[in-house]
K.L.:
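Once you've had a glance at the structure underneath, I'll fire off some questions.
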Amino acid sequence: MREALGLSRREFADLVVIRLTARQIADIETGRVNPTARTLETIGRIFGFRLGFVPCGSGAQPGAPFAWKPEPPTPEQSAGLRGRHAAARSRRPK
């Protein structure tokens, strides 16, 4: 999007409300870092976008019902999720 508008990284950094440097923008663009959701929301707003989930999967066509079905977790994955959930619940104030 930045390139489509003909902006340099420095010019784009000046547009971004949350202070980003040209180096940080380069790191995001090249995949060296993963921006936070807040950073993505702020950048997206400049171009008129919102951050959200996009359905994907086999057979998905524009306007067609959602066709993707997630694979069920393996028993090991389920056990790990239950363990993380229990640990998070135990840290909550009562």
Side-chain angles (χ1 to χ4, degrees):
M1 293 301 298
R2 173 188 64 75
E3 289 176 347
L5 292 174
L7 297 172
S8 70
R9 287 182 176 139
R10 165 73 77 197
E11 291 167 330
F12 182 70
D14 291 340
L15 288 178
V16 178
V17 178
I18 55 169
R19 314 243 187 245
L20 288 177
T21 65
R23 174 58 188 228
Q24 289 169 314
I25 292 168
D27 288 344
I28 291 168
E29 289 179 346
T30 58
R32 283 192 293 265
V33 299
N34 290 319
T36 64
R38 180 177 178 184
T39 299
L40 290 174
E41 287 171 354
T42 302
I43 291 171
R45 241 180 282 127
I46 292 169
F47 299 109
F49 292 101
R50 287 187 335 206
L51 186 62
F53 291 97
V54 177
C56 61
S58 62
Q61 298 292 321
F66 189 61
W68 179 74
K69 301 285 187 241
E71 291 290 325
T74 64
E76 294 81 17
Q77 290 170 328
S78 293
L81 291 171
R82 282 192 299 273
R84 283 195 297 259
H85 180 69
R89 285 182 36 200
S90 68
R91 289 191 299 265
R92 283 190 210 150
K94 297 190 180 198

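The figures here come from the full heavy-atom set of this structure, side chains too, leaving out hydrogens, waters and symmetry mates.
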K.L.:
I'd like to check I43 versus L20 (side-chain heavy atoms, cut-off strictly below 4.5 Å). Are they in contact?
P.N.:
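Yes, side chains in contact.
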K.L.:
Taking side-chain contact (heavy atoms from CB on, under 4.5 Å) as the definition, give me every residue that meets it alongside A26, ordered by chain and number, with sequence neighbours left out.
P.N.:
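So A26 forms a side-chain contact (heavy atoms from CB on, under 4.5 Å) with R9, R32.
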K.L.:
Taking only residues two or more places apart in sequence or in another chain, which ones pass side-chain contact (heavy atoms from CB on, under 4.5 Å) with L7?
P.N.:
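Partners of L7 by the side-chain contact (heavy atoms from CB on, under 4.5 Å) criterion, ordered by chain and then number, come out as R2, L5, E11, F12, L15.
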K.L.:
Give the minimum heavy-atom separation between A13 and A22, together with the two atoms involved.
P.N.:
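In this case the closest contact between A13 and A22 is CB-N, 4.0 Å.
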K.L.:
To the nearest 0.5 Å, how far apart are CD1 in I25 and OG1 in T30?
P.N.:
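With rounding to 0.5 Å, CD1 (I25) is 11.5 Å from OG1 (T30).
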K.L.:
Please lay out, stage by stage, how T39 and I28 fare under the test side chain to side chain contact (heavy atoms under 4.5 Å, CB included).
P.N.:
CA-CA 10 Å; T39 299; I28 291 168; 4.3 Å; yes
K.L.:
For E41, enumerate each residue passing the side-chain hydrogen bond (donor to acceptor under 3.5 Å, both in side chains) test, keeping only those at least two apart in sequence or located in another chain.
P.N.:
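Here no residue qualifies.
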